[in-house]
Protein chains: 2
Amino acid sequence: MNETAPTRQARIKQKSAARRERSKQETRQAILEAAIQMFQREGYEGFSLRQVAENIGYTPTTIYLYFKDKDDLLFAVCSQGFTEFTQALQHAYDTHPDPGERLNALAWAYLEFGLSHPLHYQMMFMQRSEWVLRASDSKNEVQNSNSYTIQLNAVVEAMKAGVIRLGDPVETTNLLWSGIHGIVSLALNMKGVIPKWDETEVRQLVGQYTEMMARGLRP
Amino acid sequence: MNETAPTRQARIKQKSAARRERSKQETRQAILEAAIQMFQREGYEGFSLRQVAENIGYTPTTIYLYFKDKDDLLFAVCSQGFTEFTQALQHAYDTHPDPGERLNALAWAYLEFGLSHPLHYQMMFMQRSEWVLRASDSKNEVQNSNSYTIQLNAVVEAMKAGVIRLGDPVETTNLLWSGIHGIVSLALNMKGVIPKWDETEVRQLVGQYTEMMARGLRP
DNA sequence: TGACAATAATAACACTGTAAAGTAGATTGG
DNA sequence: CCAATCTACTTTACAGTGTTATTATTGTCA
């Protein structure tokens, strides 16, 4: 309505609002960090809203001012995992120009993420896998920067380069992803259940896996 | 102390005890069946002792007379899944004498079990995988009839027959298991997340998988 | 200053698993 | 047959959980 230049009061109001917004984001962040810490300690099943609140000196209900509900907070924890995961894959992608080595590098990066973030991995891909979509949506990385697409691109380019046989790239990507996911998820779950299944054996298995994939997919 | 023949009273007492024991097993079974039904409906997270009790007209605490705690009841539900799973693999093993086809048949049987018992599969191999060991212990199938050993035997014989290259059978088994487990677990979790991931596509992928494994492991 | 919005805390509800104590009825020994 | 015992079960209670509605405190704005 008022089209004249902003008055001093208007400017102050704006900055004040900005400051309050910033403060709000800060406490939101504090809650989130406490939640992450708690998740690292207690895992998915032991994660408790009330304990998170207690750890940072808030009443449980206060959390609801910053997150819709427990799921929403847990998703925020998860989301950070997705970001790191994508970054790890992206880094592997970027630092390996050769299409063949690139596929291997992606598999290794995948493995390393799983082994170093076991709880996150389980939540992201085993307990709440619906969130994969929501995570890439909320970071508008739908188009070409989500973790799935990174792997898909690597497959496409490996096909172009003649490193692996031609075929439906989506199917091949799913095949490769399934394989490495199987190894990682069993590695996290089956310690002491499968014979020969400590961390070094798992790494060795990934070595065999990439070799075998290379042979199996050769043009 | 008394070494004479058992008196009538002693015989009656014994039969009475037997009858009570039988009745006890019956209500235990009733609880277990209600638990299975409830698990099918609500899944792992929604499974509630109190609701199980209510469904069969008991007080929650009564269940503790037949099962140590919630975990114990849930394990009993799980255990039945392990039995069926092992039977399915054993059947695939027995009905396919050819070592090469046998490996494929095991993969297919594995897939079918997962697709037809999604909740059980997730509990058995993703949520409570520690129970794999406890399950084979409690059925004294440790030696040569548990599901892992079935797959291991198939690998050993495929190596003997020259169908797949020689190598550490345990490692090869782990490799094959990882692969099919990866496909199954993603199939159960990632509906609507991965492109092209309905049931028929998953089956097709298993086809590709077995093909690729055959090529990759050729001597 | 008074209306108002934001932030936090209290109280309460409906659940959960689980332990201790109590109770009606069948079983048993004399 | 009767009192003692034992068994199967319930009642009660506790310490948790996520979540909502209500209230109190605070700082911002006209």
Side-chain angles (χ1 to χ4, degrees), chain A residues 1-2 6-31 34-35 38-39 41-77 128, chain B residues 1-2 6-31 34-35 38-39 41-77 128:
Chain A
M1 310 308 171
N2 190 356
T7 68
R8 164 175 293 138
Q9 282 197 357
R11 291 198 306 272
I12 290 182
K13 179 176 175 183
Q14 183 190 338
K15 291 211 171 179
S16 170
R19 191 196 56 212
R20 270 187 294 113
E21 175 63 19
R22 190 157 32 95
S23 149
K24 178 150 186 165
Q25 290 306 321
E26 269 170 24
T27 78
R28 194 193 133 101
Q29 190 61 25
I31 294 173
M38 155 117 239
F39 176 73
R41 222 179 40 245
E42 301 289 339
Y44 181 75
E45 308 222 314
F47 184 85
S48 150
L49 263 191
R50 292 179 113 105
Q51 284 184 48
V52 170
E54 192 179 354
N55 283 349
I56 50 179
Y58 278 127
T59 300
T61 54
T62 301
I63 297 187
Y64 286 82
L65 298 176
Y66 300 89
F67 296 91
K68 185 176 163 293
D69 53 15
K70 182 185 180 181
D71 249 36
D72 195 39
L73 175 56
L74 217 36
F75 171 75
V77 174
R128 304 306 297 268
Chain B
M1 314 304 174
N2 189 357
T7 67
R8 164 175 292 139
Q9 281 197 0
R11 291 198 306 273
I12 290 182
K13 180 177 177 182
Q14 183 190 337
K15 291 212 172 180
S16 169
R19 189 197 57 209
R20 272 187 292 112
E21 174 62 19
R22 190 156 31 96
S23 148
K24 180 151 188 163
Q25 289 307 321
E26 269 170 23
T27 78
R28 192 192 135 100
Q29 190 62 26
I31 294 174
M38 156 118 234
F39 175 72
R41 223 179 40 245
E42 301 289 339
Y44 181 75
E45 308 221 314
F47 184 86
S48 150
L49 264 190
R50 292 179 113 105
Q51 282 183 49
V52 170
E54 192 180 354
N55 282 351
I56 51 179
Y58 279 128
T59 302
T61 53
T62 301
I63 296 187
Y64 286 81
L65 300 176
Y66 299 90
F67 296 90
K68 184 177 163 293
D69 54 14
K70 182 185 179 182
D71 250 35
D72 194 39
L73 176 55
L74 218 35
F75 171 75
V77 174
R128 304 307 298 267

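Only this structure's heavy atoms are used, side chains among them; waters, hydrogens and symmetry mates stay out. Residue numbering restarts at 1 for every chain, and letters A, B, ... go by the order of the sequence lines. Remember, predicted model here, so these are calculated numbers, not experimental data.
Residue A:Q51 is classed as a sugar-phosphate contact, given heavy-atom separations below 4.0 Å to backbone atoms only.
Residue-to-nucleotide contacts include no donor-acceptor pair under 3.5 Å from the side chain of A:R50 to the base of D:dG16.
Annotation: the span from B:F75 atom CZ to B:D72 atom CG amounts to 8.0 Å, rounded to 0.5 Å. Rounded to the nearest 0.5 angstrom, A:L65 CG and A:I31 CD1 are separated by 8.0 Å. One distance of note links CZ of A:R41 with CE of A:M38; it measures 5.0 Å at 0.5 Å rounding.
The side chain to side chain donor-acceptor pair (under 3.5 Å) pairs that include a residue from residues 42-66 of chain B are B:T27-B:Y66, B:Y44-B:R128, where partners are two or more places apart or lie in different chains.
One end of the helix from C:dT1-D:dA30 to C:dG30-D:dC1 points its axis 20° away from the other end's axis, with each axis taken from 5 pairs and the angle rounded to 10°.
The distance from atom CD of A:E26 to atom P of C:dA6 is 19 Å, rounded to the nearest whole Å. Atom-to-atom, CD of B:E45 to P of D:dG18 comes out at 13 Å; the value is rounded to the nearest Å. The distance from atom CZ of A:F47 to atom P of D:dG16 is 18 Å, rounded to the nearest whole Å.
At a non-hydrogen distance threshold of 4.0 Å, A:T61, A:Y64, A:D69, A:K70 from residues 58-70 of chain A come into contact with DNA chain D.
In this structure the side chain of B:R28 never reaches within 4.5 angstrom of the side chain of B:K24, judged on heavy atoms. Residues B:V52 and B:F47 are in side-chain contact: their nearest non-hydrogen atoms beyond the backbone lie under 4.5 Å apart.
Contact record, A:V77 with A:A35: CG2-CB, 3.9 Å, taken as the closest heavy-atom pair.
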